[in-house]
Each structure stands twice: as C-alpha cells, then as structure tokens.
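Note that ligands are numbered from 1 as they come in the structure, with each ligand's atoms numbered from 1 the same way.
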Amino acid sequence: MATPSTGPSFHLGAMPGQIADTVLFPGDPLRAEWIATTYLSDVSCYSKVRGMLGFTGTYNGRRISVQGSGMGQPSLAIYANELLSHYGVRTLVRVGSCGALTTAVGLRDLVLAMTASTDSAMNRVRFESFDYAPAADFFLLRKAYDLAVARSLPVHVGPIAAIDSFYSEVPAQLLRLAEYGVLAVEMETAVLYTLAAKFGARALTILTVGDHVVTGEATTGEERERGMAAMAELALATVTDD
Ligand SMILES: O=P(O)(O)O[C@H]1O[C@H](CO)[C@@H](O)[C@H]1O
Ligand SMILES: O=c1cc[nH]c(=O)[nH]1
C-alpha cells in the first residue's frame with residue numbers, strides 16, 4: 001500500500017515536518033499522551049487518527065515526538081513504516097510494558113532489548129525461510145544502559161521475545177524461551193528492529209516489567225498507562241544525551 005507523497009500519511013494526521021526525527025513509541029496511546037504532557041514543553045497533538053495519539057514538543061531544547069503504536073507487530077509496523085518512510089524519522093525508542101520470564105528480573109524492573117525473537121509471520125514472509133535476527137542499535141543500547149546504571153535503576157540487558165498472542169496457547173514455549181536466556185515477552189520489538197534496519201534508522205526497546213509470568217505478580221492498568229516514569233525519563237535522556 002502506497003502512502004501519499006505529500007500531506008498526511010495514510011494512518012497519521014500529521015503534515016511532513018510536524019513529527020520530529022526522534023520518536024518515543026509506546027504501545028498505549030494514553031501513555032504517549034502522559035509522556036508528552038508530563039515531560040515535553042510546547043506540546044501539540046499532531047494525530048488522533050483511530051485514537052492512536054501522536055504529539056510533538058521539546059525536551060531540554062530538543063524536538064521530540066511521542067507516538068502510540070498500538071498492540072502487536074502489524075499495528076506497530078503500520079506506524080513505523082509511515083514514520084520512517086514518510087516523515088523521515090531516524091530514531092525510534094519503544095517504551096513498552098512486558099512480562100518477565102525469569103525471577104532474575106523483578107516486577108517494575110527495566111529491560112533493554114538487545115535482540116527480539118519472534119513467532120510472528122511478518123519476517124517469515126519478508127525473508128522467506130531465512131531466520132533474520134532483529135537487533136537493537138548498539139549505541140542507543142549502550143547509552144541507555146550506561147544512563148540506567150548511573151541512575152541506579154534496576155536494569156537488565158538481553159534477548160526478549162515479541163509474540164503475537166498475549167494469551168498464549170502454548171505457555172510451555174515461554175518456559176523454553178526462558179531456558180534459552182530470554183528475559184521477557186512483549187509484542188512488537190522484532191518488527192520495530194527490522195524496519196529500523198530496513199530504513200537505515202536507529203531503534204531501541206526499553207521495557208518496564210508490568211507482570212511476571214513466573215510469579216504471577218502484576219501492576220495495575222493505571223500504572224501501565226502513567227506509572228512508568230523511570231522508563232520515560234531514561235528514554236528521553238538516551239535520545240538527548242550526546
Ligand atoms: O505496554 P505496551 O507498550 O502496549 O506493550 C505491551 O503491552 C501490550 C499487551 O498488554 C502489548 O502491546 C505489549 O507489547
Ligand atoms: O506482551 C506482553 C506484555 C506484558 N505481559 C505479557 O505477558 N505479555
């Protein structure tokens with residue numbers, strides 16, 4: 001599907017130029033609104049198309065946008081494609097929630113996703129039988145890790161899994177992934193890293209543990225919408241600390 005060459009893209013209501021080259025990218029559009037209104041100055045909402053809110057403002061003098069991606073790889077891929085190809089975005093930092101797969105990672109800890117395995121068909125279609133390995137931008141990852149350590153945040157770096165089914169029919173598969181060192185599960189990062197690579201852009205996923213697959217602990221919906229300050233502040237520092 002082509003997107004118009006001028007004017008707004010198919011799924012975002014912004015004119016070219018209204019979106020910054022650096023975008024924070026939460027799944028939840030209300031988390032996007034919370035981050036934008038809490039941390040950015042001179043904020044304007046550039047898109048409400050389908051309720052997938054997007055905002056641009058400034059942070060420490062730098063122009064930053066915050067865009068909801070929706071849940072799952074097909075949804076995120078629509079917005080990532082348009083941000084990268086139509087609006088010239090160069091840096092995407094997903095700020096999401098995840099389920100921890102190991103007791104080494106606690107509720108509310110941060111996880112920086114080094115790689116993202118997936119059961120999604122999106123890359124199988126793209127690469128046919130070849131198993132592509134979606135990976136974070138090394139420099140964003142290193143910056144985020146160093147800043148997290150300097151802030152004494154509970155941070156973990158490692159592989160995650162981006163799976164299509166929140167309500168998995170094969171929970172044993174999550175245990176198998178954990179045996180192979182996968183720290184956490186969410187639903188978007190494999191295609192985010194793939195599309196950033198395709199467009200020569202940088203991407204990183206920073207996650208807050210919102211529930212624990214092993215212990216059954218969980219945060220509230222309210223906290224997943226507006227209680228992820230450490231993650232939002234780390235993401236903003238990562239993209240503005242040169
Ligand atoms: O909190 P967000 O960023 O939406 O991320 C996680 O939460 C959603 C599932 O509840 C999925 O999108 C998953 O990846
Ligand atoms: O995708 C997700 C997000 C949070 N918790 C999970 O178990 N899965």
Taking the side chain from [X] and the backbone from [Y], do they hold a donor-acceptor pair closer than 3.5 Å?
X    : Y    : result
H212 : T102 : yes
Q67  : M52  : yes
N81  : A77  : yes
S65  : T56  : no

Need the list: ligand 2 N/O atoms against protein N/O atoms, distance under 3.5 Å, rounded to one decimal.
from     : atom 1 : to   : atom 2 : distance (Å)
ligand 2 : 5 (N)  : G99  : N      : 3.2
ligand 2 : 5 (N)  : D211 : OD1    : 2.6
ligand 2 : 5 (N)  : D211 : OD2    : 3.4
ligand 2 : 7 (O)  : D211 : OD2    : 3.4

Residues R62, D242: salt bridge by 4.0 Å N-O rule: yes
Does a salt bridge link D28 with R224, judged by any charged N lying under 4.0 Å from a carboxylate O? no
Ring centres under 6.0 angstrom apart (Y39, W34): yes
Using a threshold of 4.0 angstrom between heavy atoms of the protein and any atom of ligand 1, which residues qualify?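 Protein residues near ligand 1 are G27, D28, R31, M71, R94, G96, S97, F166, E186, M187, E188.
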Around atom CZ of F127, are there more than 12 heavy atoms from other residues, nucleotides or ligands closer than 6.0 Å?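 For F127, atom CZ is crowded (more than 12 foreign heavy atoms under 6.0 Å).
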Within 6.0 angstrom of R151 CZ, more than 12 heavy atoms from elsewhere: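 It does: R151 CZ has more than 12 such atoms within range.
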